[in-house]
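Encoded as structure tokens, the structure appears first; notes follow it.
Within every chain, numbering begins at 1; the chains are lettered A, B, ... in the order of the sequence lines, protein sequences first and strands thereafter.
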2 protein chains.
Amino acid sequence: MILDSETKAVELPEDHGDEIRLWLRLLTCTTLIEGEVRGRLRERFDVTLPRFDLMAQLDKVPDGMTLSDVSKRMMVSNGNVTGLVERLVESGHLDRRTSDTDRRVQVIRLTKAGRAEFRRMAAEHQTWIADIFSDLSPKDVRELMRLLAKTKGSAQKSAQKRALQA
Amino acid sequence: MILDSETKAVELPEDHGDEIRLWLRLLTCTTLIEGEVRGRLRERFDVTLPRFDLMAQLDKVPDGMTLSDVSKRMMVSNGNVTGLVERLVESGHLDRRTSDTDRRVQVIRLTKAGRAEFRRMAAEHQTWIADIFSDLSPKDVRELMRLLAKTKGSAQKSAQKRALQA
DNA sequence: GCCAATTACTTGAACCCTAAAGAAATCTGG
DNA sequence: CCAGATTTCTTTAGGGTTCAAGTAATTGGC
């Protein structure tokens, strides 16, 4: 921070080129991998990535989750989940019922067929991911995990700050 | 690889949990930051992230690019670019003309107003990114850059393999 | 018990995105 | 020169995504 001739606070334009380049590289990596996974899911199982992700969330919980839970876990909007779930119920992968204790709440879970189908996809999906990251040593993986955890924390803090100002 | 009692090749299910966790963390980081940037762009400039990204590509080249170039650089489909460009031409940010030497080719560039608007947005955008990554030390940034470069290489190799098989 | 605030979800408009098919222009080998 | 292949872009169908507004159910203060 610098004080100019009229004694007002002035920000000098600092150089944030490194951070921008880091962000672009992070984005490129994710886009690349996401596209690859999307393509393989489509080719092999004729399923979209969002549907796969939703089923992955549900596979972890035998008793199902509410739409809000799913929305938070997937970091997507409520309206988005409504549509996704609708199509997956339609195709028989999901079971949906209104909660007994709160009639606003919809509880969804995988059907037997949906779970079987997901397990089949997940097994292959795992090998794709392993292949995609295969040039990284175990040490690289650990180090990347650590740095991404730090990045996530930093980003959350920044998002938190903004949320409070608004 | 293992040979079973009938001497057929069998793959044991290996544990790829670390790679999956790494991929999920990478995806979480990107989604988090992307959402934050999207929200701020909308709030401050009422512009979408894809439009900002397209303008960023064009800001780097005074003489414009073809739609195919943009499509490759942004890693999105051709049809997607067609629509995006249409809307940005409509709003006066972009200028679009058919190439003199090849009438299939459309060359787009920023208009004067478009470039000015982008520069204004980019300046703020930079500070957001810097803030989002502010917990990372310069060393962290360097190390992350290195590991992501390696990841990108690995992913590209994997994608290449698949492309050849198909 | 009642009403205001909150919560959970749905709907609608606008946009983003892909894959596949199609149209137009160019290139290439004979 | 010209027919087939290729390249560039557009179009279409089907989703995915957000935000904002709206509906229904629940909660909490009084």
Query raised in the report: Of all the nucleotides listed (D:dG15, C:dC17, D:dA20), which has the minimum atom distance to the side chain of A:Thr48?
Result: D:dG15

Report task. Using a 4.0 Å heavy-atom cut-off across all strands, classify B:Thr82 as base, sugar-phosphate, or nothing. Result -> base

Report task. Would you tell me if any nitrogen or oxygen in the side chain of A:Arg51 comes within less than 4.0 Å of OP1 or OP2 on D:dG16? Result -> yes

Query raised in the report: Among C:dA25, D:dT17, D:dT10, which nucleotide sits nearest the side chain of A:Pro50?
Result: D:dT17

Query - Side-chain donor/acceptor of B:Arg38 to backbone N/O of B:Leu49, under 3.5 Å - result: no

Report summary line: Among D:dT26, D:dG16, C:dC15, the one nearest any side-chain atom of A:Arg103 is D:dT26

Query raised in the report: Separation of A:Leu41 atom CG from D:dG16 atom P, in whole Å?
Result: 12 Å

Query raised in the report: Looking at the side chain of A:Val76, which of D:dG16, C:dT10, D:dT18 is the nearest nucleotide?
Result: D:dT18

Query raised in the report: Between B:Leu67 and A:Ser77, which is nearer to the 5' end of DNA chain D once each is assigned its nearest nucleotide?
Result: B:Leu67

**Report entry** Heavy-atom donor-acceptor pair, B:Arg104 side-chain to C:dT26 base, under 3.5 Å
**Finding:** no

Query raised in the report: Contact class for B:Ser68 (heavy atom, under 4.0 Å): base, sugar-phosphate, or nothing?
Result: sugar-phosphate

Requested in this report: Please check if any side-chain donor atom of B:Asn78 sits under 3.5 Å from a side-chain acceptor atom of B:Ser71, or the reverse.
Outcome: yes

Query raised in the report: From the list D:dG16, C:dC9, D:dT18, which nucleotide is the closest neighbour of the side chain of A:Gln106?
Result: C:dC9

Query - Heavy-atom donor-acceptor pair, A:Thr66 side chain to A:Val105 backbone, under 3.5 Å - result: no

Query raised in the report: Under 3.5 Å, is there a donor-acceptor pair between the A:Gln106 and A:Thr98 side chains?
Result: yes

Query raised in the report: Within the structure shown, what part of the strands sits under 4.0 Å from A:Asn80 by heavy-atom distance: base, sugar-phosphate, or nothing?
Result: base

